[in-house]
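Worksheet: the structure to be examined is printed underneath.
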Number of protein chains: 2
Amino acid sequence: MELQNLITEQGVRCHFEKGAQVFKQGDDCEYIYFVEHGLLKAFYVTASGKETIKSFIKQHSIIGSLNAALRLAPCTFSLEALDSSVLIRFPFSQLLEESKRSMSISQEVVQILLGLALKKERREFELLTLSATERFNNLKRADPELVKKLTQNDIAKYLGITAVALSRIKHQG
Amino acid sequence: MELQNLITEQGVRCHFEKGAQVFKQGDDCEYIYFVEHGLLKAFYVTASGKETIKSFIKQHSIIGSLNAALRLAPCTFSLEALDSSVLIRFPFSQLLEESKRSMSISQEVVQILLGLALKKERREFELLTLSATERFNNLKRADPELVKKLTQNDIAKYLGITAVALSRIKHQG
DNA sequence: GAGCAGCATTAACCTATGTTAAAAACGCAT
DNA sequence: ATGCGTTTTTAACATAGGTTAATGCTGCTC
């Protein structure tokens, strides 16, 4: 857990109230954030103003816009606290530097990226092959606690449908 | 390019004719494959028999089922040659071992995983926020050559729609 | 160049989800 | 408990995409 120590010791702890934005789509933000506690949502807003949620971020996960962290482009999504949250911010470039110096950090980075890739693959699978109803049932099964905490609106935006459609799904025969 | 050498020298070269399956959904397959040349598709088949394409794999990319490679579960998708293809197969566990021994290999693995995560993120974004028409236009823009080579059916399965719907999209006003 | 196989298009109808708007339920502050 | 703002549900209608089946096109093979 060398990486954990590095981030906790050298990172900057930031507090965000419910509703506060950590970064916004279009920002330059070269940090990654470790969630000490709280709950957040990462979401896209399309040109027409429609919001869709990429993922919910819980305690002890790491989040950041890869595009922005790698300095390839501005953030592709926004990050907002759904509950009062404490994050530790750490420059991604520094993480990559450290990973070049320390074998064990490099290994931890590999593990984190593998975990990320697995999660993204599961999400891609669901979006590509399941109906909204099936995706909703999956989410309830995978994380019932989370479903209880969220508004219908945020659940719907995560599933890629509207709150109206979600309400129909929940009450259909 | 230490990793490249490792794979080319110690991996096993395999030839697949058009239509041949490299591995099938449900298989145990702990290898990753480097595509020396050719074109392949990675796809899911649902319980009801519907096929959806996860990605097309071109020359010089690396492909494998992460779930299977990490020995967490059987392959979640199948891999099939769309053209006669030459792949070099390499055990994923060995790659992780080597990456523990060599800093530069570990760094290359990080780079590959970062690239993979970026690609998955783009795909997730498209599936979540764009209509089938927009996804089709994106694909044409991003890789017109690929679009020319594929059948309408495979393009549709990649977009998450049917060939009938794709035909409508192409010919609509 | 006739016949066949595989792919692409078209048409008709069906279903899931979107949109808008109104009504109902809930949750908090006083 | 009352009232207000927010969230959820319901309803009515619109649209994208699915399903099935028929038709048309392309390129082989003989």
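Chain letters run A, B, ... following the sequence lines, proteins first and then strands; every chain starts at 1. Note that this is a predicted model, so its numbers are computed, not measured.
Between D:dT8 and A:Ser167, no contact under 4.0 Å exists linking OP1 or OP2 to a side-chain N or O.
Set against C:dA8, D:dT8, C:dT10, the side chain of A:Asn153 has D:dT8 as its closest nucleotide. Among the nucleotides C:dG18, D:dG17, C:dT9, the one closest to any side-chain atom of B:Ile169 is D:dG17. Picking from D:dT8, D:dG17, D:dT19 the nucleotide with the shortest atom distance to the side chain of A:Gln152 gives D:dT8. Side-chain proximity of B:Arg168 to the nucleotides D:dG18, D:dT9, D:dA12 is greatest for D:dG18. Which of D:dA11, C:dT9, D:dG18 sits closest to the side chain of B:Ala165 comes down to D:dG18. For B:Val164, counting side-chain heavy atoms from C-beta on, the closest listed nucleotide (D:dG18, C:dT10, C:dT20) is C:dT10. Here the nucleotide nearest the side chain of B:His171, chosen from C:dT20, D:dG17, C:dT9, is C:dT9.
Between A:Lys157 atom NZ and C:dG18 atom P the separation is 13 Å, expressed in whole Å. Distance CG (B:Leu130) to P (C:dT17): 18 Å, rounded to an integer number of Å. Atom C1' of nucleotide C:dT17 and atom CZ of A:Arg135 are separated by 11 Å, given to the nearest angstrom. Note: CD (A:Gln172) to C1' (C:dT17) measures 12 Å, nearest angstrom. The NZ atom of A:Lys50 sits 12 Å away from the C1' atom of D:dA16 (whole-angstrom rounding). Distance CD1 (A:Ile161) to C1' (D:dT8): 14 Å, rounded to an integer number of Å. B:Glu51 places its CD atom 15 Å from the P atom of D:dG18, with the value rounded to the nearest Å. Counting to the nearest Å, the P atom of C:dC7 and the NZ atom of B:Lys170 are 14 Å from each other.
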* Test log, rule salt bridge (charged side-chain N to carboxylate O under 4.0 Å, His left out), inputs A:Glu121 and B:Lys54 -> CA-CA 9 Å; A:Glu121 192 157 308; B:Lys54 187 179 136 63; 3.4 Å; yes

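The closest donor-acceptor contact from the side chain of A:Arg89 to the backbone of A:Tyr31 lies at 3.5 Å or more, if one exists at all.
Geometric assessment of A:Arg123 against the ring of A:Tyr158 yields a positive cation-pi assignment under the 6.0 Å and 45° thresholds.
Ring geometry for B:Phe23 versus B:Tyr33: interplanar angle of 30 to 60°, hence tilted.
Using a 4.0 Å heavy-atom distance criterion, B:Ala163 is classed as making no nucleic acid contact. Across all strands, B:Thr151 comes closer than 4.0 Å only to sugar-phosphate atoms, never to a base (heavy-atom distances).
Considering B:Thr129, B:Leu130, B:Leu128 as possible partners of B:Glu126, the one that fulfils the side chain to side chain contact (heavy atoms under 4.5 Å, CB included) test is B:Leu130.
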